[in-house]
Amino acid sequence: MKSEGNIDVWFEQLANAKKLADTDTPHIVVGYGSLLSKQSRDKHSNIKSLPLPVIVNGWERAWVTKSDDEKQTYVGAYQNSSSSFNGHAFYTNIDEKLLQREQDYRFSKLMLDKLDFGVAINLSMLEVLSQHTIYVCETLQKELPSKEFPVNASYIDTCLKGCLEVGGVDEARRFIKTTKHWPEVFKLNDRLKPKYPRAATICVSDYEMFDDIQKRHISS
């Protein structure tokens with residue numbers, strides 16, 4: 001996890017954003033699905049923050065979030081004391097656009113001691129963090145993928161592309177390894193015509209890499 005190097009810049013920008021705010025915003029949101037992708041965030045959400053890779057402890061990510069509107073299954077998070085997953089922390093206002101994007105989730109408060117930034121957090125960083133509420137999108141209802149609500153390759157690719165942008169292949173592998181209930185049957189290859197409405201653009205070489213690491217590392 002490549003926190004070191006970007007973490008000082010991230011905290012400096014967070015502190016500056018706080019000075020410009022009239023209220024308790026911006027908040028800190030830990031993204032762990034398609035929000036990992038810069039292209040998907042830029043095009044469909046108003047998140048301008050740098051991504052900061054983190055590990056979320058005491059929570060589990062799995063293919064359990066059914067979207068009735070989009071007829072797909074996405075990753076969701078829920079509390080599990082024995083689990084953890086990788087994500088990216090962003091500072092952002094939680095506006096109507098983001099709420100609409102995350103309509104199948106609730107914004108649940110995340111305690112600071114559940115986050116591992118990969119490096120030691122000093123006192124000045126702790127002071128900045130103490131001024132913000134940290135949220136993770138908790139899935140509202142856990143349901144495994146089905147024929148009617150499959151997992152689409154375009155969504156998986158978007159998540160893995162975001163990992164690749166920030167932490168390279170290791171971060172993409174970490175996403176695979178720390179996500180439960182990978183579908184063996186109910187997975188749809190929609191790469192030619194993406195069904196995920198906030199999909200990132202993926203090149204052929206990335207497709208091949210993503211397929212390879214899934215074959216090597218998926219365990220249900």
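The basis for the numbers below is simple: all heavy atoms, side chains too, and nothing from hydrogens, waters or symmetry mates. Since the model is a prediction, treat every value here as computed from it, not as a measurement.
Listed for the Tyr32 side chain is a donor-acceptor partner under 3.5 Å among the backbone atoms of Cys137. With Asn16 contributing its side chain and Glu12 its backbone, the two residues share a donor-acceptor pair below 3.5 Å. Without hydrogens or angle criteria, Asn80 side chain to Ser82 main chain gives a donor-acceptor distance under 3.5 Å. In this structure, the side chain of Trp10 engages the main chain of Leu50 through a donor-acceptor pair within 3.5 Å. Between the side chain of Thr158 and the main chain of Ala200, a donor-acceptor pair closer than 3.5 Å is present. Here the side chain of Asn57 pairs no donor or acceptor atom with the backbone of Ser84 at under 3.5 angstrom.
With hydrogens and angles left out, the side-chain atoms of Gln214 and Lys187 include a donor and acceptor closer than 3.5 Å. Side-chain contact, Glu70 with Tyr196: no donor N or O sits under 3.5 Å from an acceptor N or O. Using a 3.5 Å distance cut-off with no hydrogens or angles, the side chains of Arg198 and Ser40 do not pair a donor with an acceptor. Side-chain atoms of Asp69 and Ser67 include no donor-acceptor pair closer than 3.5 Å. Side chains of Thr201 and Gln39: a donor on one and an acceptor on the other come within 3.5 Å. Checked by atom type, the side-chain pair Asn86/Arg61 shows a donor-acceptor distance below 3.5 Å.
The side-chain tip of Lys147 does not point at the ring of Phe186 from less than 6.0 angstrom away and within 45° of straight on. For the pair Lys142 and Tyr78, the cation sits on the ring face: its NZ or CZ lies under 6.0 Å from the ring centre, inside 45° of the axis.
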Practice prompt. Let me see the working for Tyr155 and Asp190 under side-chain contact (heavy atoms from CB on, under 4.5 Å), right down to the final yes or no.
Written response: CA-CA 9 Å; Tyr155 178 79; Asp190 65 331; over 6 Å; no
Fill in: Criterion side-chain hydrogen bond (donor to acceptor under 3.5 Å, both in side chains) on Glu165 and Ser37, from CA distance to verdict
CA-CA 8 Å; Glu165 291 165 351; Ser37 163; 4.6 Å; no
Practice prompt. Determine, stepwise, if the pair Ser154 / Asn152 fulfils side-chain hydrogen bond (donor to acceptor under 3.5 Å, both in side chains).
Written response: CA-CA 5 Å; Ser154 60; Asn152 288 319; 5.2 Å; no
Practice prompt. Verify side-chain contact (heavy atoms from CB on, under 4.5 Å) between Asp206 and Met209, making sure each step is shown before the conclusion.
Written response: CA-CA 5 Å; Asp206 283 346; Met209 179 194 308; 4.1 Å; yes
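For Lys48, the NZ atom sits in a packed shell: over 12 heavy atoms of surrounding residues, nucleotides or ligands are nearer than 6.0 Å. Within 6.0 Å of atom CD in Glu127, 12 or fewer heavy atoms from other residues, nucleotides or ligands are found, so the atom counts as exposed in its surroundings.
Phe90 and Val9 are members of different hydrophobic clusters when ILVMFWY side chains are connected at heavy-atom separations under 4.5 Å. Linking Ile, Leu, Val, Met, Phe, Trp and Tyr whenever their side-chain heavy atoms come within less than 4.5 Å leaves Leu98 and Ile134 in two separate clusters. Ile47 and Leu14 end up in different hydrophobic clusters when Ile, Leu, Val, Met, Phe, Trp and Tyr side chains are linked at under 4.5 Å.
Of the listed residues (Lys161, His44, Arg101, Arg41), just one forms a side chain to side chain donor-acceptor pair (under 3.5 Å) with Ser34, and that residue is Arg101.
Taken to the nearest 0.5 Å, the CZ atom of Phe11 stands 4.5 Å off from the CZ atom of Phe117.
Considering only heavy atoms from C-beta on, Phe149 comes within 4.5 Å of Asp68 through its side chain.
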